Structures are given as structure tokens and as C-alpha cells.
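Here is the structure we will look at.
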Amino acid sequence: MRNQNNVFYRIVDPDSWLRRAKVSGFFLSFPAGLHQKITLTPMLTLQYLRNHKNEAVERLKIKNFDAETLINEILELDQYRRSIQTENDGKLSLLNKTSKEIGRLFRTGKKDEAEAGRRQVGTLKDEIKQLQQELLETEDKIHDLLIRIPNVPHPDVPEGKGAEDNREIRRGGDLPSLHGNSLPHWELGTRYGILDFELGNTLTGAGFPVFMGKGARLVRALITFFLDEAEKAGYYEIIPPLMVNEASAYATGQLPDKEGQMYTIPSENFYLIPTAEVPVTNLYRDQILEETKLPVKATAYTPCFRREAGSYGKDVRGLNRVHQFDKVEIVRIEKPENSYAALEEMINHVESLVRKLELPYRIVKLCGGDISFTSALTYDFEVFAAAQKKWLEVSSVSNFGSYQANRLKLRFRDNNSRKTRLAHTLNGSALALPRIIAALLENKQTEKGIRIPEVLIPYTGFAIID
RNA sequence: GGAGAAAUGGCAGAGUGGUCGAAUGCGGCGGUCUUGAAAACCGUUGUCCGCUUAUCGGCGGACCGGGGGUUCGAAUCCCUCUUUCUCCGCCA
């Protein structure tokens, strides 16, 4: 299952990464009813904190996060943990030696000496038991603290509190001048019979729109167009499951924090994916890739399911915010030294898409207050929906550095040193459909109907919706 | 859903209480040979943590699906969970 640039390994044992995670010292209690132990959440590596404490503290201020006390506490516990392990390993070593000796004595018939040895190890075992208990507890404490630290932002991330402080990088495309009777997309949908929100209401509930006729065809055209473009750009297509288990949801960070955002299948303990990122990234859990196999470039189209709990009001009209939508995602696994170049490349790819769709767009670099917990650097793409006179976010492209990879145990083997190193992971939407459709409908409306962008006509089979 | 079998290193596959991190084969890497390649032969080959080390490395510990137990000692015995396979039932 491989092609030139991309390698996909079967996940042989989904639990093995957990096993290793335990060995490497981080371990967490798990939710009731969950039989597999699970390492939670992505995080910075201890090694990074040991060596770059000041850098981490400084940069995290951009995210409005004061990490100093936390990191100090972690480093102290880390030192303590290591001292315990050293002691414990020494005692284990002694126990191992003694056990071997006893075996030898038994075999050579020196039964009395063997029995004496047997009695001797009693206290040793007690001590070991105690040390191991302490070790586990300390590891838990360290982990609990570690997961509270967000990813360290890239130096380029601007300061700021919220969306208003994001920095616009560039814009493109022309703002359309609409005719006098122009309508917002939800009314256009009804007028042309291509999109119905009421029907979805009947079938399921609010936020589950129904596309029909040319509207349905447009959705399918966009999906195929995006996938074709991704493939041309060297991405390898995946069709993943739309439901994932808890371990996967933990591994990419949807659990435990964003549990309320996902739909659940209680009978199976599954989650409907909120993005293809979850199954696609999990394909690479606990892997050691040869450096020559990098970069891995994967793409996937999936429906996405989001509860969007707690969001309601004016901004959520029509397609602006829905519970089920279609999205093509691109995912990359890179060597650390290449990851920011890869991020640029992804941005250019997404930009080419909105350009080809003839949509006015802007690219913004998220500020420290708006960037996600796990991201090091994020760019958002927004397109302008002319009837609503609103910028709508259609893509978010992020570099997670090694933060996700650390949790995923996703490594590669360095060609020169032959050592394993954490890879960098990146992902981005390319693109999310509903808001693209909203902007297309609104911006391309004319007195005669809605014009289809040139590039899509081969996919839709028609040039106008009327 | 019912009955049975199984889970060991990159893969295949030995191993039923100590000398087993684990035979053997394949694959991978290095070398000999060759104009080059193949074949043949020789050597090497897991991950993680800790201690030590300028570096190469050395030493200790853990890992044979997950968790727990018995034992001086567990891949090997016991309990439990998960997964896979075979047969039956159901099914697009």
C-alpha cells in the first residue's frame, strides 16, 4: 500500500503505542468503562522543556499563557522521577541477579543455599513495589501538568487577544458588484430549488441542509475538483472510516477537551468524526518512517459532523454553520526542518483553489489569542460572501510541529544518525464546502441565474443554475 | 448473535517455568567477489527509559496483544479485557 512519495503502514497493533507511552513514562488514568489505557493529549516533550525552558516560557506569553511555574514544577518532578527510576532499576538488577543465582543453585542441587536466597529477596521485593508505586504516581503528576501546556507558538505568531488581532497577510480576487435584487444564499437556495433547510429540519434537525438537483451536483463537483487538485499536488487519497473509537479521538486531541463537539454512538463507544484529520492522522500512530519516505502527503474527502454546541444566533444562518458538512482535508508529515516550507506550500495550494473558484479571499495569520492550543502557526482563509457582506472562514492551515507527533509517537529514522526523531504534522482544509457554496451562490448570482466558475463546469456539466 | 482456535521482532514462524530480547527463514543494512548487477559467502539488524560518556560507546531496567495475579524467577501457569481467524445464523 504505497506509492512513490507516500507510505502507509497497516497499524499492526493499535495498542502498542500505548504500551510504549507507558514505558516512556506518561500514563494516565482512563475514563470509566474504557478498557484500554490511553495516553492523553498532545504535549511538549520533557526533553524540550529541559533544554529550552526559557524559550518556551517566553514564547508561550504570546499565547497569553504563563508557563513558568508549571514548567518549574514539571522539571522538579522530572528530576525526582529519574532519581526514583535509577534506584528502582538498581534494585531490579539485584533481584534479577539473585533470581538467576537461585536457579543455578537449585540446578546444582544446593538446595539449602537456594532456600536461603529465596528468603532474602522478600524485603527487596517490597522495596521495589513501593518504588514502582511512587514512580507511577510521579509520572501521572508530570503528565497531568504537561498536558496543560499549549504548543509553543512559532516566532511569527503575532501578539493579540482575539480574532480582531489576527494579521491579514494578503487578499486576492475581486469583490463582485451585485445587482439590485441580490439575495443571501439561503434565499437563493430556495429560489432555484437546489438547497433546502426546512427539509433537513424535518429529517433530522436544524443544521442538516439538503442539497438537490444542481445543488447536489455542485457539491459533488466541488468534492471531485478539490480531490483532483490535491492529487495533482501530490497528495495520496484516503477514504477513512467516518466513526472512530475513543483511542483515536484521544490521540488527535478531540478528547477529552472537545467531547461536547462530537456526536457519539453510545452503543459502540464511537465518535462521528468532526474532521478527516482524526482518522487520517491516526493512520500514522506509533510509526517509525524511514526518512526517505517523507514527506507523507495525504488527502481525504469526508463528511464532517459537529455538534457546534453553544453556538447560535445571527452568524449561523444558512450554510454559515451546519452540523454536517463536506470537506476535503490535506495532511502532511514532514521532517522538522521542512515543515514551515511545507506550510507555505499548503497555503499556496489552498490559495490556488479559491482563485480558481474566482472567489475574493483573504489570508490571515492567527494571533496568539486566537490560535489553537495545539498549533504552532495557523493561517485562516476567508472568502467574502457578497450578499451577506461577510467574510467566511473556509480553511485553516496549521503546523503542529512535533506536538501532535509526540502523542502519536510518530517518528522517522534519520538517515545519517539512524536515530529516531519526532516528525512534524500539518493539516489544512482544502476546502470545506458549505461556506464555499454560500459564497459562490451569493457572488455569482446574476439576473439570469448563478454562474458556475469556469473550472467547475467540466465537473458540474452545466454553466449556470437557473 | 452461537461454537471453537489463536495473538511472539519489519514479515513468516520456533519456543510451555531459569542459561530467552527470544531459534530458524525471509527482508533490511555493511562487506567480500564482480566492469556493473544478480547469485554465493561473511558480518550486522527492535523500541523506550535511566545512569555514564566530549564523541563512538558502555552499563542497568522495561517491553513476546492490553491489564492484573501466582513465583526467588513468567513469552511459558492463572484471571480478565481486546483483537483476529474458522464454522453456523443474519445481511447491502
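Chain identifiers are assigned alphabetically (A, B, ...) following the order of the sequence lines, protein sequences preceding nucleic acid strands; residue numbering begins at 1 within each chain. On a predicted model such as this, the values are computed, not experimentally measured, just so you know.
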Checking N1-N3 plus N6-O4 or O6-N4 for Watson-Crick, or N1-O2 and O6-N3 for wobble, each under 3.5 Å, the partner of G30(B) is C42(B)

Which whole-number value in Å describes the distance from Gln132(A) CD to G69(B) C1'?
-> 15 Å

Lys125(A) side-chain N/O to G73(B) phosphate OP1/OP2 under 4.0 Å | yes

Here the distance between atom C1' of G57(B) and atom NZ of Lys419(A), to the nearest Å, is 10 Å

Paired to A62(B) by Watson-Crick or G-U wobble criteria (both distances under 3.5 Å) is U47(B)

Between G50(B) and U45(B), how far apart are the C1' atoms? Round to whole Å, please.
-> 24 Å

Should A74(B) form a Watson-Crick or G-U wobble pair with both distances under 3.5 Å, which nucleotide is its partner?
-> none

Between Gly103(A) and Gly90(A), name the one whose nearest nucleotide on RNA chain B is closer to the 5' end.
-> Gly103(A)

Answer with base, sugar-phosphate or nothing: what part of the nucleic acid does Leu92(A) contact at a heavy-atom distance below 4.0 Å?
-> sugar-phosphate

Tell me the partner of C91(B), counting only Watson-Crick (N1-N3 plus N6-O4 or O6-N4) or G-U wobble (N1-O2 and O6-N3) with both under 3.5 Å; none if nothing fits.
-> none

Could you please name the partner base of A12(B), counting Watson-Crick and G-U wobble pairs only when both distances are under 3.5 Å?
-> U24(B)

Would you tell me if any nitrogen or oxygen in the side chain of Thr420(A) comes within less than 4.0 Å of OP1 or OP2 on C48(B)?
-> yes

Rounded C1' spacing from U53(B) to A38(B) in Å | 44 Å

Name the nucleic acid region contacted by Ser83(A), choosing base, sugar-phosphate or nothing; use a 4.0 angstrom heavy-atom cut-off, strictly under.
-> nothing

Report yes if the side chains of Val328(A) and Thr299(A) come closer than 4.5 Å at any heavy-atom pair, otherwise no.
-> yes

For Phe270(A) and U82(B), what is the distance between atoms CZ and P respectively, to the nearest whole Å?
-> 12 Å

Given the P atoms of G4(B) and C81(B), what is the spacing between them in whole Å?
-> 15 Å

So which nucleotide from G61(B), U47(B), C72(B) ends up closest to the side chain of Arg413(A)?
-> U47(B)

Between atom CD1 in Ile128(A) and atom C1' in A62(B), what is the gap in whole Å?
-> 13 Å

For A5(B), the nucleotide meeting Watson-Crick or G-U wobble distances (both under 3.5 Å) is U84(B)

Roughly, in whole Å, what's the span from CZ in Arg82(A) to P in U52(B)?
-> 9 Å

Position toward the 5' end of RNA chain B (nearest nucleotide), Arg104(A) or Gln85(A) | Arg104(A)

Which base sits across from U35(B) as a Watson-Crick or G-U pair, both distances under 3.5 Å?
-> none

Glu246(A) CD to G66(B) C1', straight-line distance once rounded to whole Å = 15 Å

Reckon Asn96(A) has a side-chain N or O less than 4.0 Å from the OP1 or OP2 of A62(B)?
-> yes

Main-chain N/O of Tyr80(A) paired with Ser83(A) side-chain donor or acceptor, under 3.5 Å | yes

Check whether the side chain of Asp89(A) and the base of G60(B) form a donor-acceptor pair under 3.5 Å.
-> yes

Donor-acceptor contact below 3.5 Å, side chain Thr302(A) vs main chain Cys304(A) | no

Counting N and O atoms only, with roles assigned by atom type, does the side chain of Ser99(A) sit under 3.5 Å from a partner on the main chain of Leu95(A), one being a donor and the other an acceptor?
-> yes

Would you indicate, yes or no, if C48(B) has its OP1 or OP2 atom less than 4.0 angstrom from a side-chain nitrogen or oxygen of Arg411(A)?
-> yes

Check Lys129(A), Gln130(A), Glu137(A) against Gln133(A) for a side chain to side chain donor-acceptor pair (under 3.5 Å) and give me the one that passes.
-> Glu137(A)

Considering only the C1' atoms, how many Å lie between U47(B) and G9(B), rounded to the nearest integer?
-> 10 Å

Would you mind listing every salt bridge (charged side-chain N to carboxylate O under 4.0 Å, His left out) that reaches into residues 336-350 of chain A, with sequence neighbours excluded?
-> Lys297(A)-Glu345(A), Arg332(A)-Glu345(A), Glu337(A)-Arg421(A)

Determine which nucleotide pairs with U19(B), using a 3.5 Å limit on both distances of a Watson-Crick or G-U wobble pair.
-> none

Nearest-Å distance once atom P is located in both G10(B) and A23(B) | 13 Å

Hey, could you give me each pair passing side chain to side chain donor-acceptor pair (under 3.5 Å) that has a residue in residues 59-68 of chain A? Not counting sequence neighbours.
-> Glu58(A)-Lys61(A)

Quote, to the nearest angstrom, the P distance that separates A37(B) from G28(B).
-> 15 Å

Picking from C72(B), G50(B), U47(B), the nucleotide nearest the side-chain atoms of Phe106(A) would be C72(B)

Between atom CD in Glu87(A) and atom C1' in C49(B), what is the gap in whole Å?
-> 16 Å

Using the P atoms only, state how far G25(B) lies from U44(B), rounded to an integer number of Å.
-> 13 Å

Assign Thr98(A) to base, sugar-phosphate, or nothing according to its heavy-atom contacts below 4.0 angstrom with the strands shown.
-> nothing

Just do the salt bridge (charged side-chain N to carboxylate O under 4.0 Å, His left out) check on Glu290(A) and Lys293(A) with the steps written out, would you?
-> CA-CA 5 Å; Glu290(A) 279 301 323; Lys293(A) 309 291 191 206; over 6 Å; no

Distance, P atom - from G13(B) to C29(B), rounded to whole angstrom = 24 Å

Nearest whole angstrom, please: distance from the P of C51(B) to the CD1 of Ile84(A).
-> 13 Å

From the options U47(B), G50(B), G60(B), select the nucleotide whose nearest atom is closest to the side chain of Ser93(A).
-> G60(B)

